[in-house]
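Beneath this line is the structure, given in structure tokens, with notes to follow.
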Amino acid sequence: MDTLLFALFAGIAILSAVVMIMQRHPVSSALALVGVMGSLAILYLLLGATFIAAAQLIVYAGAIMVLFLFVIMLLNAGAEPKPLRQSFLARALGFPLGIALIAILGFLIQRTVPPDSVVVRFADAKAGSPQDIGRALFTQYLLPFEVTSVLVLIAILGAVVLARKET
Amino acid sequence: MPANFIPTTADYLRTLPEIILIVAGTLLMLLEGLAGERNRKGTGPIALVAILAAFGAAFLAGLDNRGPAFQNFLIIDDFATFFRLLVLVVGAFSVLCSMSYFERENNDTGEYYALILFSLVGQCLLASSNELIMVFIGLEISSIATYILCGFQRDDRRNNESAIKYFLLGSFATTFLLYGVAWIYGMTGTTKLDEIGKLVADPRAIDTPWMVAACCALMFVGFAFKVSAAPLQSWTPDVYQGAPAPVTMFMSAGPKAAAFAVFLRVFTTGFSTLGESWMPVVWISALLTMIVGNFAALTQSNIKRLLAYSSIAHAGYVLVAIAARSEIGTAAALFYLASYAFMNLGAFAIVTQFSRAKERYVLVEDLAGLSQRQPVTAALFTVFLLSLIGVPLTSGFFGKFYIFKAAIDSKLFWLTVLGLLNSAVAAYYYLRIIVVMYFHEPGQSADTAPAPAPGISITMWASAVMIVVLGVYPGLLLRFATISSFLPK
């Protein structure tokens, strides 16, 4: 059952990703991206990483996608699809480089997973619960976690600076 | 890894400079909101005090409290202390000049200083980070704050252009770095630089060195962009030209030095065993950077753009020192970055002052006859330019001398010869400015030039004194740079 669900949602994720790139209309692309993120969330859930699944849905599929769509509509980019102008270089190199990227990533994943755990056990993720993540964030990764708050603060400050009224 | 990690006093003391800067930056944001429209001034001095306090804390931590902090995420060694002190000095002088600049532009707000302080936090973290997550976060803090600073005067179209170009290209370059970090984590299972260094050196742990080389290449792209090394330098002239003059001053000295710091640390501690593979890349990049910078600067009429190309060329010289792959080379790079920071602070202080409101006078020709109207300013500018050329009795001379000496010691003869030829080319465009100042008839822009504001005067004089003192007694700084050049391999 788990394997079946995995295959189903992995398929949807890949299909949506392809659709996202092929679509010319930005709004359709954005909606396809929602499909990718939603199915990824379900994949996380299947693995037992409940927190990441929830975060994926709330942050990516929720907040960020709403922002995406909002900006697309605001800029009216979806009004009429324009013919795409692609550089020769992008057309010639894009596909092979993309394949190379997938190959390297696959190679890395295959290397990092220890040989005795080739079979993924569903709903058995060791550190996917909110408690585990919280513990890791506040012990092992305390400093990066705290410092990231400065990064977020700068982003807020930047938004205020760049969006204030004309003087 | 302890299950219950509680930071000790030593951890806090070692990161005290960052803590001071963060607290002061947050305080400035709050003050900005509390103060009314009218009494907004006075935030600059608070920032200045905070930077001086952070400087003191960094100095004390470097003096007798060295060591790792927060479970080895940061390491406060002499190398980190050198760069922390350097970026804080740059920050202090930038704040001094910014106070005059934004008072003139009638835009003196606390957010600006808060952003400078946060950017300094990022640079201090970069100087001491010993771990790739911290490298990434530090780089992002420093960069994002700088993107915003570039577009700070949002009514000025040049600022907007500068900020958007920097932001888009900078984000793109960061993804390369991030990919490199992710891959090396996939390869080694750790993000700590010393552990990565050990694993990479161990053929049993890593049986595919070409993958590590690919990670190395990706991270090189990210760092090369930040230090504006060719072929990733194309953003520099546009961004430097468009940003407010004190921001250009800040980012050409501070963030660049911090990026070089992390570049050196990652490639020395993490990837020193792969030195044979990455050295040719740095070699080619150094040569290209020097050539592009110097030859493009020859034809520039805008002084900010000219100094931007000159800053590219100087990054090329530092890359020569990195290509030497020795402790002497690292020491030469440190000395050069510090001495370049002072030349740049001085030169941009004068540009800041001379450009007047809305930066109207930024052409080389506008400086015509400055020596007759303001002999002192012209003389100081000459000192900075001579130091940028590398004339003896200025710190620029010893900077170049140590770099090329390190290159020769590492048997990089061709790079040395080509580098020296490059600095001969560079003399032309710096001398052109001096000729315009001294031998051209004063025009309307020199006639109306105002006397330097106090903050700018201090920056000019302090930089000139440092340049001459280091030009006569280079040992003062070189000793510190040599002590600081040790990086564990």
Side-chain angles (χ1 to χ4, degrees), chain A residues 64 68 71 75 87 89-90 93-94 96-115 117 126-127 129 131-167, chain B residues 1-7 11 15 18 21-22 25-26 29 32-33 69-71 73-74 105-107 109 111-112 114-115 118-119 121-122 125 129 131 133-134 136-138 140-141 144-145 147-149 151-155 160 163 167 179 182-183 185-189 191 207-208 211 214:
Chain A
I64 291 183
F68 262 40
V71 170
L75 295 178
S87 74
L89 206 66
L93 287 178
L97 282 180
I99 295 291
L101 189 66
I102 292 175
I104 293 177
L105 280 179
F107 174 77
L108 274 182
I109 292 169
Q110 185 254 325
R111 271 189 60 90
T112 26
V113 176
S117 65
K126 283 285 184 301
S129 72
Q131 290 99 314
D132 295 325
I133 289 174
R135 196 165 292 130
L137 276 185
F138 284 100
T139 56
Q140 193 180 350
Y141 296 106
L142 176 68
L143 186 66
F145 177 73
E146 294 293 346
V147 173
T148 308
S149 61
V150 178
L151 194 59
V152 178
L153 190 63
I154 294 177
I156 298 169
L157 189 55
V160 171
V161 166
L162 296 179
R164 70 183 164 210
K165 268 189 272 174
E166 309 256 335
T167 44
Chain B
M1 198 56 63
N4 290 313
F5 167 71
I6 293 166
D11 283 332
T15 51
E18 286 88 349
L21 292 172
I22 292 173
T26 319
M29 286 173 66
E32 180 68 24
F70 288 93
Q71 309 171 49
F73 271 85
L74 299 177
E105 305 287 332
N106 212 359
N107 196 6
T109 54
E111 289 118 355
Y112 177 85
L115 282 169
F118 288 137
S119 179
V121 172
L125 289 172
S129 58
E131 198 268 342
I133 297 176
M134 286 311 296
F136 174 69
I137 297 177
E140 281 302 276
I141 291 179
I144 291 180
Y147 302 151
I148 303 164
L149 287 174
F152 193 77
Q153 311 246 63
R154 61 160 278 190
D155 300 341
N160 297 348
F167 172 62
Y179 247 120
W183 286 10
Y185 179 68
M187 296 290 297
T188 60
T191 50
D207 47 7
T208 47
M211 270 299 303

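Just so we're clear, the structure is a prediction, and the values are computed from it rather than from any experiment.
Taking CE of B/Met134 as the start and CG of B/Leu125 as the end, the distance is 4.5 Å to the nearest 0.5 Å.
When atom types are taken as modelled, the side chain of B/Glu131 and the backbone of B/Ile133 share a donor-acceptor pair closer than 3.5 angstrom.
In this structure, chain B has a heavy atom under 4.5 Å from the side chain of A/Leu142, while its backbone stays farther away. Neither the backbone nor the side chain of B/Leu149 has a heavy atom closer than 4.5 Å to any heavy atom of chain A. When heavy atoms are compared at a cutoff of 4.5 Å, B/Ile22 approaches chain A solely by way of its side chain, counted from C-beta outward.
Top candidate by heavy-atom pairs under 4.5 Å with chain B, chosen from A/Leu101, A/Leu157, A/Val150, A/Leu162, is A/Leu157. Contact count against chain B (heavy-atom pairs under 4.5 Å) is highest for A/Leu151 among A/Leu151, A/Thr148, A/Val160.
Judged as a ring pair (Phe, Tyr, Trp, His ring centres under 6.0 Å), and not counting sequence neighbours, the contacts of B/Phe167 are B/Tyr147.
Side-chain contact between B/Phe70 and B/Thr15: present, with at least one pair of heavy atoms (C-beta onward) separated by less than 4.5 Å.
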For this session: Could you walk me through whether B/Glu105 and B/Gln153 pass the side chain to side chain contact (heavy atoms under 4.5 Å, CB included) test, one step at a time?
Result: CA-CA 9 Å; B/Glu105 305 287 332; B/Gln153 311 246 63; 3.5 Å; yes

